[in-house]
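Note sheet for the following structure.
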2 protein chains.
Amino acid sequence: MSSPSPKLALFKQFALVAKTLGHPQRLELIEQLGQGPRSVDLLAEKLGAPIANVSQHLQTMRRAGLVAAERQGKFVVYRLADDSVLAAMKAIRRVAENNLAEVDKIVRGYFEERDSLEPVTREELSGRLRDGMVTVLDVRPADEFELGHVPGALNVPLSELDARLATLDPEKDIVAYCRGAYCVMSFEAVSRLRAQGFSARRLEDGMPEWVAAGNAVASS
Amino acid sequence: MSSPSPKLALFKQFALVAKTLGHPQRLELIEQLGQGPRSVDLLAEKLGAPIANVSQHLQTMRRAGLVAAERQGKFVVYRLADDSVLAAMKAIRRVAENNLAEVDKIVRGYFEERDSLEPVTREELSGRLRDGMVTVLDVRPADEFELGHVPGALNVPLSELDARLATLDPEKDIVAYCRGAYCVMSFEAVSRLRAQGFSARRLEDGMPEWVAAGNAVASS
DNA sequence: GGTATATTCAATATTTCAATTGAATGATTG
DNA sequence: CAATCATTCAATTGAAATATTGAATATACC
């Protein structure tokens, strides 16, 4: 028998990946990076966490092969290593959804009640985009919108939604999206739009999935 | 304390799942349970770990929704919560394979050199099983074989391979499999069979994937 | 070159995790 | 009902992860 069995060595590596995913803040970083490469600076601001802290998490993630870093001028820009990282996060999310009662509780309490109608699938949105009979709303903050969005989408951050209601065409259906499947902002937007009489629905998931599915992305 | 944001609450749950996957021994338990429900006793024996230790890991995994337990007489039988758990483990493995140089090194050193021929896919094996022109070898220990195996497979544990070489039909191709993609035993078996002049290949992955793909399983 | 800015490093205190041991519980058997 | 077996619990110890702080390094800009 070989002293360090190859199997154990491999499992240690797999465990390293999983363990590194096992931190809420790092999952949040992956959600952000799922939208595109970002600097440490910007990520720290998004998370509302100290820069040194975020930097350390990113380095931990780099050691585990989840992200890669590249220096651009005085910024260090991190990005996801590849699509498999998002896939892994999705797989973990599914385990939690299926088997943790706690998740069900949270989702019911905060999300489901606000989404009585079926969310719109990516395929459906792609189709309706071609017809032009739909208004697509990107409710993320402006900086995230600028770094990449669904072509033709209007950027209406949640904070500005009420102010810009008047500019929306009440005849068209509205589809709102934000970062990912559990991004609260799109739920909130749909709920407020409906309250104003709009026909609003939510995209089933967010920007990262849109990109991962090979859809077109526009940047301004 | 005001309740934390639903998003953070969710991410904590996701992180719990990932963190729980982040231990080599627990991954090994999942590999074992991927073959079917097992008692604490048997799992401990398989891992060569103290029972109390394994029991604790299993309870940790139960809290994270990865496994479920059921009392059967004086045994407590654990099983995977559902298919999503194996899917998550697979997704994590993929991240590691794609992005960790260390994994590549281990695989190259221990596995690849012993597998110059392409492994057989599940689909291919299903087809050739119908033709009957292939000998399927299950090289796992007898107890694991008994709890479920590919229909028509011969159980030849690695330890008995040499002794039973004479009983194998040299005219037929041989396909060997064991637990999972990285289960060393099937590599070893193929290598030894080839050294004896047999036409031997390895199934691309193992028992859990065979089951997950909805293939038939026989038990003796 | 000097200074501001972005990021990383290093040291520390705190918390959490893991393995070990022996005792306690629950179910079965005689 | 005692004895036995499988499992879990509880307490302890050592190891590892995390957040926090302030200093160090690199790059750009003036």
Side-chain angles (χ1 to χ4, degrees), chain A residues 8 11-30 32-33 36-79 143 147, chain B residues 1 4 8 11-30 32-33 37-79 92 143 147:
Chain A
L8 181 63
F11 275 30
K12 275 187 184 164
Q13 299 298 311
F14 301 159
L16 173 65
V17 170
K19 196 192 299 181
T20 306
L21 285 171
H23 192 291
Q25 213 166 329
R26 291 197 284 258
L27 291 178
E28 216 172 335
L29 285 170
I30 290 176
Q32 289 288 341
L33 292 175
R38 299 288 136 101
S39 71
V40 180
D41 208 23
L42 207 158
L43 290 169
E45 194 196 327
K46 289 284 171 196
L47 299 213
I51 294 183
N53 189 357
V54 169
S55 173
Q56 288 199 81
H57 278 308
L58 288 168
Q59 283 171 71
T60 304
M61 290 163 81
R62 198 176 46 182
R63 264 178 261 126
L66 300 178
V67 303
E70 184 198 1
R71 179 137 220 152
Q72 284 184 10
K74 57 180 175 177
F75 295 88
V76 173
V77 174
Y78 280 84
R79 60 180 170 75
D143 59 333
L147 287 165
Chain B
M1 277 288 289
L8 181 63
F11 275 30
K12 274 187 184 163
Q13 299 297 313
F14 302 159
L16 173 65
V17 170
K19 196 192 299 182
T20 306
L21 286 171
H23 193 289
Q25 213 168 328
R26 290 197 285 258
L27 291 177
E28 216 172 333
L29 285 170
I30 290 176
Q32 290 287 342
L33 291 175
R38 299 288 137 101
S39 71
V40 180
D41 207 24
L42 207 158
L43 290 169
E45 193 196 327
K46 288 285 170 197
L47 299 213
I51 295 183
N53 189 357
V54 169
S55 172
Q56 287 199 86
H57 278 307
L58 288 168
Q59 284 171 73
T60 304
M61 290 163 80
R62 199 176 46 183
R63 265 178 258 126
L66 299 179
V67 303
E70 184 198 0
R71 179 135 219 155
Q72 283 184 10
K74 54 181 177 177
F75 295 88
V76 173
V77 174
Y78 281 84
R79 59 181 170 75
I92 281 160
D143 59 332
L147 287 165

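Predicted model, so just to flag it, every value in this text is computed and none were measured. Basis for what follows: all heavy atoms, side chains included, without hydrogens, waters or symmetry-related copies. Numbers restart at 1 for each chain; the letters A, B, ... are given by sequence-line order, proteins then strands.
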DNA chain D contacts made by residues 38-48 of chain A, counting heavy atoms under 4.0 Å: none
May I ask you to say what Ala52(A) touches in the nucleic acid, namely base, sugar-phosphate or nothing, with a heavy-atom cut-off under 4.0 Å? base
Flag side-chain contact, heavy atom, 4.5 Å: Met61(B) against Ile30(B): yes
Where along residues 59-79 of chain A does a heavy atom come under 4.0 Å from DNA chain D, residue by residue in number order? Arg71(A), Gly73(A), Lys74(A)
Here the distance between atom P of dT4(D) and atom CD1 of Ile51(B), to the nearest Å, is 17 Å
Separation of atom CD in Gln56(A) from atom P in dA19(D), rounded to whole Å: 9 Å
With heavy-atom distances below 4.5 Å as the criterion, would you say the side chains of Leu42(A) and Asp143(A) are in contact? yes
Among residues at least two apart in sequence or on other chains, which ones pass ring-ring contact (aromatic ring centres under 6.0 Å, His included) with Phe14(A)? Phe11(A), Tyr182(B)
For Val76(A) and Ala69(A), which heavy atoms make the closest approach, and how far apart are they? CG1-CB, 3.9 Å
Want to settle it: does Arg26(A) or Leu58(B) sit nearer the 5' end of DNA chain D, counting the closest nucleotide to each? Leu58(B)
Any side-chain heavy atom of Asp41(A) within less than 4.5 Å of one from Lys74(A)? no
Please list, chain by chain and in numerical order, all residues satisfying side chain to side chain donor-acceptor pair (under 3.5 Å) with Thr60(B), sequence neighbours excluded. none
Whole angstrom value for the distance that separates P of dA19(D) from CG of Leu29(A): 11 Å
Heavy atoms, side chains only, cut-off 4.5 Å: are Leu58(A) and Arg38(A) in contact? no
What are the two closest non-hydrogen atoms of Leu27(B) and Ala15(A), and how far apart are they? CD1-N, 3.6 Å
Among His57(A), Arg63(A), Arg62(A), Arg26(A), find the residue that satisfies the side-chain contact (heavy atoms from CB on, under 4.5 Å) test when tested with Thr20(A). Arg26(A)
Applying side chain to side chain donor-acceptor pair (under 3.5 Å), can you list everything that pairs with Ser39(B), at least two apart in sequence or on another chain? none
Under 4.0 Å from a heavy atom of chain B: give me the 5'-most and 3'-most nucleotides of DNA chain C that qualify. dC17(C) to dT28(C)
Grab the two heavy atoms, one from Ala64(B) and one from Val17(B), that are nearest each other, plus how far apart they are. O-CG2, 3.7 Å
Among the nucleotides dT18(D), dT20(D), dT8(D), which one has an atom lying closest to any side-chain atom of Pro50(A)? dT20(D)
